[in-house]
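Written below as structure tokens is the structure these notes are about.
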Amino acid sequence: MDRPPTVLPTALEVQVRARPLPRHVGIIMDGNGRWAELRGQPRLEGHREGSVSVREVTRAARRLGVQALTLYAFSSQNWARPPEEVAGLMDLLREYLESERAEILDNGIRLNAIGEVDKLPRYVREPLERLRADSAHNTGMVLTLALSYGGREELLRAARDLAQAAARGELDPAHLDADDLESRLWTAGLPPVDLIVRTSGEQRISNFLLWQLAYAELCFTDALWPDFRTEEFLRCLSQFQGRERRFGLTSAQVNRDDTPQRAKA
Ligand code: IPE
Ligand code: IPE
Ligand code: MG
């Protein structure tokens with residue numbers, strides 16, 4: 001009687017659970033403003049409703065066993081939005097970090113952030129760093145928030161780092177390899193990105209994970225982010241599971257038993 005009601009998984013969830021999942025999913029959470037405008041509400045209401053989707057999708061990813069979920073919450077370019085929208089987003093971020101803290105810790109999730117985090121106001125940076133430190137030993141799923149993030153900015157920083165290491169004589173430019181660069185990206189240590197989702201009908205990348213998406217599958221959906229909930233997420237996972245990833249090989253090659261298959265359904 002005092003037990004919470006058991007929620008039965010939907011048919012789609014049962015189907016998705018039966019096949020290999022992407023290890024790392026990145027989501028471009030777009031369409032909050034349009035969601036609000038369609039309802040005659042201020043854009044910030046869309047961002048607020050979007051944080052409900054963040055909670056639902058994070059729960060679903062954790063429950064299914066996705067290893068890493070990276071959410072594009074604020075781009076380097078988003079700073080140029082009207083100051084009241086930027087301030088509203090920062091307030092919401094702080095609220096999110098406080099309201100989700102217990103759930104993140106209780107569910108073994110490790111909270112991580114990528115981007116120019118030092119540009120965030122102190123009232124966001126503090127709860128972020130606290131949760132990052134307090135969840136550092138969790139092993140369940142890595143939830144990465146891309147905050148003041150840009151793929152070009154990330155690559156530039158890595159290039160600068162490499163050039164400085166070469167100038168110090170610690171690195172031979174002639175033997176520079178992909179690992180040297182990857183280890184200097186903010187995403188170092190995370191599993192390879194298998195799937196990128198973008199909501200709101202836009203079919204562009206908008207400076208998200210530019211290096212990392214080289215062989216990621218892409219899922220574009222018309223749903224606006226505040227409408228993107230568990231079933232929508234499952235639909236993207238199911239699409240992913242129906243794709244054949246060839247990594248430059250032929251279909252016959254990837255279907256041979258002795259060829260390593262990374263995420264073929
Ligand atoms: C995504 O929604 C959230 C952020 C970029 C911070 P938008 O605010 O871009 O919503 P639209 O694209 O204007 O509808
Ligand atoms: C991408 O959305 C950034 C985030 C979702 C945080 P934008 O709304 O900023 O992208 P554009 O302007 O449509 O390319
Ligand atoms: Mg947008």
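In listed order, ligands and their atoms are each counted from 1. Note that the structure is predicted; figures quoted are calculated from it, not measured.
The closest protein non-hydrogen atom to atom 13 (O) of ligand 1 is Arg43 NH2, 3.0 Å. Counting only heavy atoms of the protein, atom 10 (O) of ligand 1 lies nearest to Gly33 N, 2.9 Å. With respect to atom 9 (O) of ligand 2, the closest heavy atom belonging to the protein is Asn78 ND2, 3.0 Å. Of the protein's non-hydrogen atoms, Arg204 NH2, 4.6 Å is the one closest to atom 12 (O) of ligand 2.
Between Ala73 and ligand 1, not a single N/O pair is under 3.5 Å apart. The shortest N or O to N or O distance between Ser75 and ligand 2 is not under 3.5 Å. Some N or O of Ser206 is nearer than 3.5 Å to an N or O of ligand 2, by distance alone.
Each of the following atoms of ligand 2 lies closer than 4.0 Å to a heavy atom of Met29: 5 (C). For ligand 2, the atoms closer than 4.0 angstrom to any heavy atom of Phe74 are 6 (C).
Relative to the ring axis of Trp35, Arg39 places its NZ or CZ within 45° and under 6.0 Å from the centre.
Val66 and Leu12 fall within a single hydrophobic cluster, where Ile, Leu, Val, Met, Phe, Trp and Tyr side chains are chained together by heavy-atom contacts under 4.5 Å. Tracing side-chain contacts under 4.5 Å through hydrophobic residues (I, L, V, M, F, W, Y), one reaches Leu145 starting from Trp79; they form part of the same cluster.
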What do the steps show when you test Arg246 against Ser251 for side-chain hydrogen bond (donor to acceptor under 3.5 Å, both in side chains), and what is the final call? CA-CA 7 Å; Arg246 291 194 284 275; Ser251 185; 4.9 Å; no
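The residue among Glu202, Arg34, Arg81, Glu37 with a heavy atom at the shortest distance from atom 8 (O) of ligand 1 is Arg81. When Leu38, Leu89, Leu224, Asn32 are checked for heavy-atom proximity to atom 2 (O) of ligand 1, Asn32 turns out nearest.
Of all N/O/S atoms in Asp30, OD1 sits nearest the Mg ion (ligand 3).
Not one N, O or S atom of Glu202 sits under 2.8 Å from the Mg ion (ligand 3).
Arg55 and Ser99 are not linked by any side-chain donor-acceptor pair at a separation below 3.5 angstrom, with hydrogens and angles left out of the test. Donor-acceptor pairing under 3.5 Å is lacking for the side chains of Arg110 and Thr139. Checked by atom type, the side-chain pair Asn32/Glu45 shows no donor-acceptor distance below 3.5 Å. With 3.5 Å as the limit, one finds no donor-acceptor pair spanning the side chains of Glu85 and Asn78. Between the side chains of Gln77 and Glu153, at least one donor-acceptor pair of N or O atoms lies under 3.5 Å.
Using a 4.0 Å heavy-atom cutoff, Ser200 is absent from the residues neighbouring ligand 1.
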